[in-house]
Amino acid sequence: MAAAKALHLCTPSLTFCSKSKSLKSPKKNFVTLPCYPRIKAEAAASSTKVSTQNTLTPSQFRVDILSESLPFIQKFRGKTIVVKYGGAAMKSDHLKASVVSDLVLLSCVGLHPILVHGGGPDINNWLRLLNIEPIFHDGLRVTDSQTMEIVSMVLIGKVNKNLVSLINKAGGTAIGLSGMDGRLLTARPSPNSANLGFVGEVAGVDSTVLQPLINSGHIPVIASVAADKYGQSYNINADTVAGEVAAALGAEKLILLTDVVGILEDKDDPKSLVKEIDIKGVKKMIEDKKVAGGMIPKVNCCVRSLAQGVRTASIIDGRVEHSLLHEIMSDEGVGTMITG
């Protein structure tokens, strides 16, 4: 069966605990499998496992899924995966729960996930509540001192702690951080600071802040706010932060959750998804104007992280439920994977 496409079906009925080797499952009715042709065919061929109605018991279903997931778990076990979280997956409570459960599951089977987030919609909501109209320049938020104060409060005090709470509630052990904590990130002003205000770039990452947390099985959750060497706070693009953190840690994989299916060969044809491409190929697509607009910064972020030692970088559709699990636990993935 396609393990990655079905593994999330187990998640609600399994109770994982990092301090226990037991798996507990409530009793359920038999599960029919009309959506999985291969499962159905295999089930029909095995009279010892299925009834004449082509059904599997919940326990048999879970065992098969976990068994087929083994090669992917072995491949990524002990490896660091940096996930940038934003877009539609952040706006929808249903998709948020999907991302959280995926992170906890990956942590429980031995991967080291790190979550980096922004929070544009929440920032806009609070600005409007305070009668401040959000202003953007070339797609980036213009951040004066008043806006920077609100950005810090929302990202660090609200969004970050909400995500930490959700991960902990789901059975993980999350630690909330911003770039300012322990000087995890050092910021510098954007070259276009005259127009953007306190919008910054990543000048450096201190990976020693994260390594003990990773080694102890914690899930770091990082808000994309940092300060420069003088203590001035800056709002930094979360894609950029994720890419630089991944590079500093020598991560196995960088994953950007977006509101598009990935890189398209034809931007007007959503079925023309490019499943895998190397740095040379994606640069050629930018030159040919096949990659344009808001996708260019995401692609450049991936290319920069790959150039600094990250093994692979993927741009995937955060609007698809459990897309994170699909990307890691399957050969085909659900977006575009860029290789060095």
Side-chain angles (χ1 to χ4, degrees), residues 4-5 7-9 11-12 81-107 111 113-126 139 141 151 154-156 158-172 174 176-177 219-225 236-243 245-246 251 253-264 270 273 293-295 297-299 301-302 305 312-330 332-338:
K5 294 182 179 178
L7 185 56
H8 70 270
L9 296 177
T11 308
I81 310 293
V82 178
V83 179
K84 182 268 178 173
Y85 175 54
M90 182 171 276
K91 299 174 190 175
S92 162
D93 289 339
H94 180 69
L95 291 174
K96 186 183 292 186
S98 163
V99 172
V100 166
S101 67
D102 287 358
L103 286 169
V104 173
L105 177 57
L106 293 174
S107 178
L111 282 71
I114 296 174
L115 189 67
V116 177
H117 69 87
D122 284 290
I123 294 170
N124 290 341
N125 289 339
W126 278 94
R141 184 185 303 278
V151 167
V154 173
L155 292 189
I156 300 171
K158 181 180 183 293
V159 178
N160 187 271
K161 300 314 171 190
N162 175 251
L163 289 171
V164 168
S165 177
L166 289 173
I167 292 171
N168 290 343
K169 182 180 178 181
L177 300 165
I219 302 175
V221 180
I222 304 171
S224 56
V225 175
I236 306 178
N237 179 274
D239 291 331
T240 302
V241 172
V245 168
K253 196 168 186 65
L254 167 67
I255 299 177
L256 306 183
L257 288 170
T258 72
D259 288 346
V260 295
V261 296
I263 299 174
L264 301 177
L273 176 67
M295 184 60 77
K298 294 183 183 299
V299 168
C301 165
C302 292
S305 67
T312 64
S314 295
I315 300 173
I316 68 174
D317 194 345
R319 300 167 300 179
V320 176
E321 187 178 4
H322 295 288
S323 58
L324 182 56
L325 212 56
H326 280 249
E327 178 63 24
I328 294 173
M329 294 290 189
S330 70
E332 67 274 12
V334 291
T336 300
M337 183 172 73
I338 306 173

Self-check item: Working for side-chain contact (heavy atoms from CB on, under 4.5 Å), residues I81 and L106
Solution: CA-CA 9 Å; I81 310 293; L106 293 174; 5.7 Å; no

Exercise. Any chance you could lay out the side-chain contact (heavy atoms from CB on, under 4.5 Å) test for D317 and V334, step after step, and finish with the verdict?
Key: CA-CA 7 Å; D317 194 345; V334 291; over 6 Å; no

Practice problem: Take I328 and D102 through the side-chain contact (heavy atoms from CB on, under 4.5 Å) test and state the conclusion after the steps. | Solution: CA-CA 10 Å; I328 294 173; D102 287 358; over 6 Å; no

Quiz item: Hey, mind stepping through L264 and L273 against side-chain contact (heavy atoms from CB on, under 4.5 Å) and telling me if it holds?
Solution: CA-CA 5 Å; L264 301 177; L273 176 67; 4.3 Å; yes

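Distance check, rounded to the nearest 0.5 Å: OH of Y85 to CG of L95 gives 7.5 Å. A distance of 11.0 Å separates CG in L155 from CD1 in I236, rounded to the nearest 0.5 Å. Atom-to-atom distance recorded for N162:CG and H117:NE2 is 9.5 Å, nearest 0.5 angstrom. To the nearest 0.5 angstrom, I222 atom CD1 is 12.0 Å from I156 atom CD1. In this structure, OG on S98 lies 12.5 Å from CG on D93, to the nearest 0.5 angstrom. Atom CG in L257 sits 8.0 Å away from atom NZ in K84 (nearest 0.5 Å).
The nearest pair of heavy atoms linking V221 to N160 is O-ND2, 2.9 Å. Of all heavy-atom pairs spanning A238 and V116, the tightest one is O-CG1, 3.7 Å. Smallest separation of non-hydrogen atoms from V100 and A170: CG1-CB, 3.8 Å. Of all non-hydrogen atoms in M90 and G118, the two that sit nearest each other are CE-O, 3.6 Å. Heavy atoms only, all atoms of each residue included: S323 and I316 are closest at O-CD1, 3.7 Å. Contact between P121 and K91 at its shortest, heavy atoms only, is CG-CE, 3.7 Å.
Under the salt bridge (charged side-chain N to carboxylate O under 4.0 Å, His left out) criterion, K161 pairs with no residue, sequence neighbours left out. Every residue two or more places apart in sequence or in another chain that forms a side chain to side chain donor-acceptor pair (under 3.5 Å) with S314 is listed here: K253, E327. In this view, R141 satisfies the salt bridge (charged side-chain N to carboxylate O under 4.0 Å, His left out) rule with no residue, not counting sequence neighbours. Annotation: side chain to side chain contact (heavy atoms under 4.5 Å, CB included) contacts of T258 (sequence neighbours excluded): L256, V260, K298, I315. Residues meeting the side chain to side chain contact (heavy atoms under 4.5 Å, CB included) test with N237, sequence neighbours left out: D239, T240.
Side-chain N or O atoms of S305 include none that pairs as donor or acceptor with a backbone N or O of A246 at under 3.5 Å. Between the side chain of D259 and the main chain of G87, no donor-acceptor pair closer than 3.5 Å is present. Not a single donor-acceptor pair under 3.5 Å links the side chain of T312 to the backbone N or O of I338. Under a 3.5 Å cut-off, the side chain of S101 and the backbone N or O of A97 do form a donor-acceptor pair.
Taking 4.5 Å as the limit, every side-chain heavy atom of V99 sits out of range of all side-chain heavy atoms of V83. Using a 4.5 Å heavy-atom cutoff, the side chains of V299 and I263 are in contact. In this structure, the side chains of L254 and C301 come closer than 4.5 Å at one or more pairs of heavy atoms.
Within the structure, every pair that satisfies the salt bridge (Lys or Arg N to Asp or Glu O under 4.0 Å) test and touches residues 115-126, not counting sequence neighbours, is listed here: D122-K158.
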